[in-house]
Amino acid sequence: MWDYVKLAVLGLIALCAAIAANYARDLAYMVNAITVMLAAGLAFLWVLRRVGEPNPHNPNEYMDGVVRAGAIATAFWGVVGFLVGVVIATQLAFPQLNFEWLQGYDNFGRLRPLHTSAVIFAFGGNALIMSSFYIVQRTSAARLFGGNLGWFVFWGWQLVIVLAATGYVLGASQGKEYAEPVWYVDILITVVWVAFLITFMGTLFKRKEPHIYVANWFLLSMILTVAMLHLVNNAAIPVSIFGSAQVQLYSGVQDAMVQWWYGHNAVGFFLTAGFLGMMYYFVPKQAERPVYSYKLSIIHFWALIFLYIWAGPHHLHFTALPDWASTLGMVFSVILWMPSWGGMINGLMTLSGAWDKLRTDPIIRMMVVSIGFYGMSTFEGPMMSIKAVNSLSHYTDWTIGHVHSGALGWNGMITFGVLYFLVPRLWNREGLYSLKLVSWHFWLATIGIVLYASAMWVSGIMEGLMWREVDANGFLVNAFADTVVAKFPMYVVRALGGLLFLSGALIMCYNLWMTVRAQPARATQHSAVPAE
C-alpha cells in the first residue's frame, strides 16, 4: 500500500514539474523544473520496479548504506567546490580568464555562490548528514529510524544542491550571503531538513543506550537551530509561481539584521556545532582515548549555544544598524572566545598519553591540525569583531583569509580525517590503501591553507591601510584601482594555495577509491545492532 502512495506522490510531482517547465518565466526556473521532473520520474521507476518485493534490510543491522553514499557524495562535492574556488581565485588574479564566449555564465558573481554553497552545503552538509547518521546509530545502539527516510534525506539533499547550483549559474539567486537559493529551493530544503530532524530524533528516542552522548547534543542543536535560521531568514513572497524571482519579507536594515543573524549563526551552528559533534566522536575513536573531560564538553556545549546566537550584529558595525545592537554583537563575540577555546582544549587534551600517535598516524595529525585551526579561527573572529579592528579589517581580504582558515583548516581537515576513519570501516576493509598518501594529502592541504590565509591576511591589512591613507589636506591618497593592482601578488599566492588544497583532495579520492577496490576485506563484519 505504501509503495502505491509513493508512486502517486512521485507521479504528481513529475506532472506538476512538467507543467511548471512549460509555463516557466525564466531559464533558471525552467531548467530547475525539468530537473525535478527527471528526478521524480527516475524515483517513480525505481519504486515501481520494487513494488511487492520483500524488505531486504535486516532490522538488527546498522543502516550503513546511506552513510556510504554520504561518504562518496562528501568527497565528490568537496572536489567540485574546491575546483570552482580555484577557478574564481585564478580569475581574480587574471581577469582575462573570464571568457566572453561563455556569455557571463562563468563570471565571479555566478561562480562565487556556486563555490560557497558547494563547499559549505554540498561538502559540509553531506559530511554532517553522513557523520550524524553514523554517530547516532553507534551511540544509541539502534538502527536509523524511519526505514528509508534516511535515503530521502540523502537524495533530497543532492537534489537541493543540483537545483541551487544550476540556478546560480543561470542567474537565479536571492543575493543573500550563504542563503542564495530561491524560494522553491528553500521549500525543498525545509522538507528535507525536517526529514533529517525526524530521522535523528527518532533514532535517539528508540536508543538502547540510556545516556545521550555529547556529540549528539551538538548535532541536534545544529539541526534545530539551522531549521529556525532558515525559516526566518528566507521568508519571501514569490513574484510568480512560475518564476524564480521573489520579494523578501523584510527590507533595509531589518533585512540586514536578519541576514547576519542567519549568516553568523549558519557559521556558528552548521560549521561549528555540527563539526564539533564530529570532533567529539571521531577524535577519541581515532586516538583510542576517552574525551579528556566530559564535564568540560557539557559546559562547552551550553556556553556555545547560548552565546553564539547573539553574535551576528558584529557584521554590521558602522552601518545603519543602531550602535547598541552592533556593540551587543561585539560583546557576545568576545565572550564567545572562552567556550570556543574550552572545546579546542578538550579536543587537544584528548590525546593525553597518546601524543606519540602524531608521529605515526597522519589521520590523527589531520584531526589535531583541524582543532588547532578551530582554536585560531575562534580567536581571530572575536578579535575582528572589536570595532577598532573591524574598522580596518571589514570589507577587505582579511575577512576572506579568516573565513578560509576556518572553513578549510577546521571544517575541511576534520572532514578529511573522518572520511579516512570511516571508509575502511564502512566497506569492511582491513585498512587504508596508503598512509603515505594520507601524509601527502596532509602536507599539501596544510601548506595550501597557510599560503591562502597568509596571503589574504597580508592583502587585507594592506588594503585596509591603503583605503584609510590620506594626504596633508585630508584627501584619500589611493583609488580603489590602486589597491587592486597592489594585491596582485597575493592573489596569485591565494590561487596557488587553493590549487595545493585541491590536489590533496584529489589524492584523498584516489586513496579512498583504492581502499575500497584493492584492500582485502576484514574477516568479520561489525555492523550488527546490539541485542536488547
Side-chain angles (χ1 to χ4, degrees), residues 1-53 55 63 65-66 69-70 73 77 117 121-122 125-126 129 133 144-174 179-200 202 223 226-227 230-231 234-246:
M1 178 62 184
W2 181 236
D3 284 336
Y4 294 110
V5 172
K6 288 193 282 189
L7 286 172
V9 171
L10 290 169
L12 182 62
I13 291 172
L15 177 62
C16 291
I19 295 170
N22 184 62
Y23 289 100
R25 295 192 172 189
D26 57 79
L27 178 61
Y29 185 93
M30 182 178 69
V31 171
N32 283 172
I34 292 171
T35 303
V36 171
M37 180 187 71
L38 293 173
L42 290 171
F44 182 93
L45 293 174
W46 187 87
V47 173
L48 184 64
R49 286 172 60 88
R50 285 158 179 77
V51 170
E53 289 184 3
N55 187 353
M63 187 176 173
V66 68
W77 288 118
S117 291
F121 299 111
N126 275 295
I129 293 170
F133 286 166
L144 212 58
F145 174 80
N148 285 325
L149 193 59
W151 280 109
F152 172 79
V153 173
F154 171 77
W155 285 112
W157 196 248
Q158 309 317 306
L159 182 59
V160 164
I161 293 163
V162 172
L163 293 178
T166 51
Y168 299 153
V169 175
L170 297 172
S173 170
Q174 287 190 98
E180 285 94 347
V182 291
W183 63 272
Y184 52 86
V185 182
D186 285 335
I187 293 172
L188 178 58
I189 291 172
T190 304
V191 172
V192 173
W193 207 255
V194 169
F196 184 20
L197 174 63
I198 292 170
T199 306
F200 192 87
I223 298 169
V226 167
H230 173 76
L231 289 172
N234 291 291
I237 302 170
V239 174
S240 167
I241 197 171
F242 295 119
S244 60
Q246 69 269 295

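As the structure is a prediction and not an experimental result, all values here were calculated from the model.
For residues 15-24, the set of pairs meeting the salt bridge (Lys or Arg N to Asp or Glu O under 4.0 Å) definition, not counting sequence neighbours, is empty. Applying the salt bridge (Lys or Arg N to Asp or Glu O under 4.0 Å) rule to pairs touching residues 5-17 yields D3-K6, sequence neighbours excluded. Within the structure, ring-ring contact (aromatic ring centres under 6.0 Å, His included) pairs that include any residue of residues 7-38 comprise Y23-F242, Y29-Y184 (at least two apart or interchain).
Under the 3.5 Å distance criterion, the side-chain polar atoms of W183 are matched with a main-chain donor or acceptor of G243.
Within the 4.5 Å cutoff, side-chain heavy atoms of V51 are placed close to those of L7.
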Quick one, F121 with I189, criterion side-chain contact (heavy atoms from CB on, under 4.5 Å). Give me CA distance, side-chain angles, the key distance, then yes/no. CA-CA 11 Å; F121 299 111; I189 291 172; over 6 Å; no
Trace of the side-chain contact (heavy atoms from CB on, under 4.5 Å) decision for F196 with V192: CA-CA 6 Å; F196 184 20; V192 173; 5.6 Å; no
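Not a single side-chain hydrogen bond (donor to acceptor under 3.5 Å, both in side chains) links T199 to another residue, sequence neighbours left out. Here D186 pairs with Q174 under the side-chain hydrogen bond (donor to acceptor under 3.5 Å, both in side chains) rule; sequence neighbours left out. The side chain to side chain contact (heavy atoms under 4.5 Å, CB included) search around A235 returns L249, Y250, not counting sequence neighbours. E180 meets the side-chain hydrogen bond (donor to acceptor under 3.5 Å, both in side chains) test with no other residue; sequence neighbours excluded. Looking at residues two or more places apart in sequence or on another chain, you find a side-chain hydrogen bond (donor to acceptor under 3.5 Å, both in side chains) between Q158 and W77, N126. For L12, the side chain to side chain contact (heavy atoms under 4.5 Å, CB included) partners are C16, not counting sequence neighbours. The ring pair (Phe, Tyr, Trp, His ring centres under 6.0 Å) test applied to W157 returns W193, not counting sequence neighbours.
Looking at every heavy atom in both residues, S173 comes nearest to Q246 through O-NE2, 4.3 Å. Closest non-hydrogen pair, A195 versus L149, comes out as O-CD2, 3.8 Å. When all heavy atoms are compared, the tightest approach of V66 to W151 is N-CZ2, 3.4 Å.
A distance of 12.0 Å separates CZ in F152 from CG in N148, rounded to the nearest 0.5 Å.
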Check residues 37-50 and write down every donor-acceptor pair under 3.5 Å in which the side-chain atom is one partner and the other belongs to a residue at least two apart or another chain.
residue, atom, partner, partner atom, Å
R50, NH1, W46, O, 3.3

Check: residues 159-172 side-chain donor-acceptor pairs under 3.5 Å, at least two apart:
residue, atom, partner, partner atom, Å
T166, OG1, N32, ND2, 2.9
T166, OG1, V162, O, 2.8
T166, OG1, L163, O, 3.1
Y168, OH, S117, OG, 3.0

